[in-house]
Peer 1: 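What follows is a single structure, and I will ask about it in a moment.
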Amino acid sequence: SDNAIYDIDQKIDFVSDMTVGNLFTPEELTISTSVDYNRDFTTGWNWFSVNVVADDMSINGLLNQTGAGGDYIKSQGGYADFYDGFGWGGTLASIDPKLGLKLRLASPSSLNYSGSAIDPSLNPISLSSGWNWIGYLPAIPLDINTAVGPNNPNGDAGAGGDYIKSQNGYADYYSGFGWGGTLSSLLPTEMYMLRLANAGTLTYPSSSGSLASMNSNDLQNLNILPTLINGFDYRSYEFNGSITSTVNIDNIIISDSDYIASYNSSGECVGYVHPRVFELTDEYVFFLMVYGNESNGDKMNFEYYNSYSNQTFKLDHNIDFASDMTIGNGLDPLVFGVESPEIVSQLSIQSIYPNPFNPSTNIEYSISDGGRVSILVYDIMGRQAGEVFNDYQIAGQHKIVWNAIDYSSGIYYIQININDNIQTQKVVLLK
């Protein structure tokens with residue numbers, strides 16, 4: 001009647017011609033109400049929530065196997081540090097499933113326990129105007145417009161100007177349409193930051209199913225990040241914000257393979273995104289999340305890579321990072337122009353051929369000034385897979401051969417770097 005599948009507590013051994021119970025004295029089977037919660041944590045910052053209630057929801061009861069000296073956890077209203085030989089100590093004493101949490105770890109860990117599933121319909125979440133760190137209570141993923149949008153009759157979230165984000169995606173609310181952006185689904189074990197113009201109440205739709213929790217691989221499959229560059233890892237940063245933008249450069253055609261990258265004052269990549277077609281305008285928009293470890297002040301600059309021309313351009317806006325910053329939206333994006341009509345790089349990739357290839361490909365490029373050249377290989381997930389070349393070269397034309405005989409078939413990104421001028425090109429290894 002509630003469209004759910006339950007486990008039975010009893011286990012019965014099969015015996016030939018067995019009969020168990022009868023109409024007058026039937027065997028009574030009890031339903032197991034215990035469900036498991038499982039969440040993997042990585043080094044750095046992890047945004048999470050819980051949707052299973054254990055007997056002990058104190059921070060030391062729930063996180064008794066997670067934590068080492070220097071680890072840290074915070075909610076919107078409290079925090080705690082981990083002290084070796086003692087445990088968690090601070091103003092955050094217990095974990096409320098309705099609230100989102102941010103956990104910083106020095107080493108990977110996980111949270112695994114059993115308890116009772118939460119009925120979202122019986123647990124409305126009070127929302128204030130401004131920012132709300134909310135947990136996700138349903139047992140299964142839901143479309144964002146079903147979870148907190150116009151398709152949820154019990155949710156007051158969603159008016160023009162409202163905004164929601166996870167650790168790696170975000171969406172704006174557009175009146176008459178709903179949520180639009182890179183955040184399309186809400187997921188078990190995740191937390192979200194919801195900014196509202198008006199206070200209200202959110203009641204998630206009731207959900208039935210077997211997914212009480214999801215591991216990190218499930219999360220990556222549902223909210224997929226763009227291919228990462230320079231080893232960029234958003235979990236290394238405490239704060240984030242968003243910049244919704246487009247580019248306006250003469251004779252440039254935008255495509256799915258283009259990207260905008262953001263760099264802080266130290267030259268570290270702090271944001272990277274491919275464009276996507278925005279539903280309301282049918283035009284390409286860059287939904288860029290940017291990251292930092294200081295709440296305010298670090299100046300960011302931006303580069304745009306165009307795949308058709310194989311050129312990288314320095315863009316004409318420098319923006320000071322601020323925690324929870326939101327600049328532009330799909331209907332009114334920030335418009336980047338080019339700072340100079342010249343290509344940023346003193347580097348140009350002439351050709352990588354053959355492509356696809358097996359097992360070797362030729363990398364031809366030119367540099368206008370001498371310097372140390374590094375040629376690195378990244379896999380489709382943005383992890384460094386190898387180093388092809390790293391040495392000083394004089395100005396001029398160069399050719400390097402990459403022999404990928406020890407690599408498996410797949411998509412790779414070859415990145416050439418000289419004097420912080422970077423060019424990246426996709427190749428396909430077919431064996």
Side-chain angles (χ1 to χ4, degrees), residues 39-42 44-49 100-102 131-136 138 140-149 157-158 161-174 177-196 204 214-229 232-246 256 258-262 269-280 284-292 321 323-331 333-334 380-382:
R39 172 64 191 258
D40 296 328
F41 298 127
T42 66
W45 286 96
N46 300 265
W47 295 20
F48 80 103
S49 65
L101 299 161
K102 297 183 181 182
W131 287 102
N132 300 267
W133 295 18
I134 60 173
Y136 184 74
I140 60 175
L142 292 174
D143 176 84
I144 186 172
N145 284 297
T146 299
V148 292
D162 288 349
Y163 174 91
I164 188 172
K165 67 177 177 178
S166 66
Q167 198 172 2
N168 63 345
Y170 69 97
D172 291 279
Y173 192 90
Y174 302 92
F177 173 75
W179 297 101
T182 56
L183 185 62
S184 58
S185 299
L186 302 194
L187 310 175
T189 78
E190 290 292 274
M191 71 85 80
Y192 300 92
M193 291 180 62
L194 177 63
R195 187 188 66 199
L196 299 178
Y204 289 112
M214 305 181 72
N215 60 37
S216 57
N217 291 330
D218 296 322
L219 299 176
Q220 290 178 0
N221 290 336
L222 283 166
N223 276 342
I224 298 175
L225 281 174
T227 303
L228 305 181
I229 59 174
F232 166 69
D233 182 0
Y234 65 91
R235 293 186 179 90
S236 300
Y237 302 93
E238 181 176 2
F239 307 109
N240 65 17
S242 65
I243 302 172
T244 307
S245 65
T246 187
D256 294 341
D258 298 357
Y259 64 78
I260 286 180
S262 174
C269 180
V270 291
Y272 171 80
V273 73
H274 293 290
R276 57 181 293 178
V277 175
F278 181 53
E279 297 92 330
L280 292 181
Y284 275 113
V285 174
F286 294 84
F287 294 93
L288 174 66
M289 293 208 81
V290 291
Y291 298 82
F321 175 83
S323 176
D324 303 325
M325 63 190 292
T326 58
I327 297 177
N329 60 51
L331 295 177
L334 173 70
I380 190 71
M381 297 302 297

Peer 1: Can you check side-chain contact (heavy atoms from CB on, under 4.5 Å) on Thr244 and Tyr170, steps first, answer last?
Peer 2: CA-CA 10 Å; Thr244 307; Tyr170 69 97; 2.7 Å; yes
Peer 1: How close do Ser49 and Gly135 get, counting heavy atoms only, and between which atoms?
Peer 2: CB-CA, 3.5 Å
Peer 1: Okay, side chain of Asp233, backbone of Arg235: is any donor-acceptor separation there less than 3.5 Å?
Peer 2: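 Checked: pair present.
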Peer 1: Of the options Thr246, Asp258, Asp256, which is the one that meets Tyr284 in a side chain to side chain donor-acceptor pair (under 3.5 Å)?
Peer 2: Asp256
Peer 1: Check whether any side-chain heavy atom of Tyr136 sits under 4.5 Å from a side-chain heavy atom of Tyr204, and report yes or no.
Peer 2: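 With C-beta onward as the side chain, the pair touches.
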Peer 1: Applying ring-ring contact (aromatic ring centres under 6.0 Å, His included), name anything that partners Phe41, two or more places apart in sequence or on another chain.
Peer 2: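 With neighbours one apart ignored, the set is Phe48.
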Peer 1: After noting the C-alpha distance and the side-chain angles of Tyr291 and Ser236, does the key distance pass the side chain to side chain donor-acceptor pair (under 3.5 Å) rule?
Peer 2: CA-CA 9 Å; Tyr291 298 82; Ser236 300; over 6 Å; no
Peer 1: Classify the ring geometry of Tyr173 against Trp179: parallel below 30°, tilted from 30° to 60°, perpendicular beyond 60°.
Peer 2: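 Ring orientation of Tyr173 relative to Trp179: perpendicular.
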Peer 1: Could you report the tightest heavy-atom contact between Ile260 and Ser245, atom names first, then the distance?
Peer 2: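 Minimum heavy-atom contact is CD1-OG, 3.8 Å.
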Peer 1: So, do Leu331 and Phe278 sit near enough that their side-chain heavy atoms are less than 4.5 Å apart?
Peer 2: yes
Peer 1: Mind listing the closest non-hydrogen atom pair of Ala171 and Leu183 along with its distance?
Peer 2: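 Heavy atoms only, the tightest pair is CB-O, 3.8 Å.
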Peer 1: Sort out for me which residue in Phe286, Tyr234, Tyr259 forms a ring pair (Phe, Tyr, Trp, His ring centres under 6.0 Å) with Tyr272.
Peer 2: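 Among Phe286, Tyr234, Tyr259, the one meeting ring pair (Phe, Tyr, Trp, His ring centres under 6.0 Å) with Tyr272 is Tyr259.
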Peer 1: Quick check for you: to the nearest 0.5 Å, what is the distance between Leu334 atom CG and Ile327 atom CD1?
Peer 2: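 Separation between the atoms: 6.5 Å.
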Peer 1: Using side-chain contact (heavy atoms from CB on, under 4.5 Å), reason through Leu280 and Phe177 one step at a time and then give a plain yes or no.
Peer 2: CA-CA 8 Å; Leu280 292 181; Phe177 173 75; 3.4 Å; yes
Peer 1: Begin from the C-alpha positions of Arg39 and Glu190 and carry the test side-chain contact (heavy atoms from CB on, under 4.5 Å) through to its verdict.
Peer 2: CA-CA 9 Å; Arg39 172 64 191 258; Glu190 290 292 274; 2.7 Å; yes
Peer 1: Is the closest side-chain heavy-atom distance between Asp324 and Trp131 below 4.5 Å?
Peer 2: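 They are in side-chain contact.
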Peer 1: Can you find a pair of side-chain heavy atoms, one from Glu238 and one from Lys102, that are under 4.5 Å apart?
Peer 2: no
Peer 1: Only counting residues at least two apart or in another chain, list the ones meeting ring-ring contact (aromatic ring centres under 6.0 Å, His included) with Tyr237.
Peer 2: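 ring-ring contact (aromatic ring centres under 6.0 Å, His included) list for Tyr237, sorted by chain: empty.
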Peer 1: Minimum heavy-atom separation for Asn168 and Met289, please, with both atom names.
Peer 2: C-SD, 3.4 Å
Peer 1: Check whether any side-chain heavy atom of Arg195 lies under 4.5 Å from a side-chain heavy atom of Thr326, and answer yes or no.
Peer 2: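 A side-chain contact exists here, since the closest heavy-atom pair is under 4.5 Å.
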Peer 1: Working to the nearest 0.5 angstrom, can you tell me the gap between Trp47 CH2 and Met193 CE?
Peer 2: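 Between Trp47 CH2 and Met193 CE, I get 5.5 Å after rounding to 0.5 Å.
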Peer 1: If you take all heavy atoms of Ile144 and Ile164, which pair is closest and at what distance?
Peer 2: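 Reported closest heavy-atom pair: CD1-CG2, 3.7 Å.
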Peer 1: Considering non-hydrogen atoms only, spot the tightest contact between Gly178 and Asn145 and give its length.
Peer 2: CA-OD1, 3.5 Å
Peer 1: Show the numbers, then the answer: is there a side chain to side chain donor-acceptor pair (under 3.5 Å) between Tyr163 and Ser242?
Peer 2: CA-CA 10 Å; Tyr163 174 91; Ser242 65; 2.7 Å; yes
Peer 1: Rounded to the nearest 0.5 Å, how far apart are CD of Gln167 and CG of Asn46?
Peer 2: 6.5 Å
Peer 1: Report yes if the side chains of Pro141 and Pro188 come closer than 4.5 Å at any heavy-atom pair, otherwise no.
Peer 2: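 In contact.
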Peer 1: Tell me which one of Asp172, Asn240, Thr182 satisfies side chain to side chain donor-acceptor pair (under 3.5 Å) with Lys165.
Peer 2: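 With Lys165 as partner, Asp172, Asn240, Thr182 yield a single side chain to side chain donor-acceptor pair (under 3.5 Å), made by Asn240.
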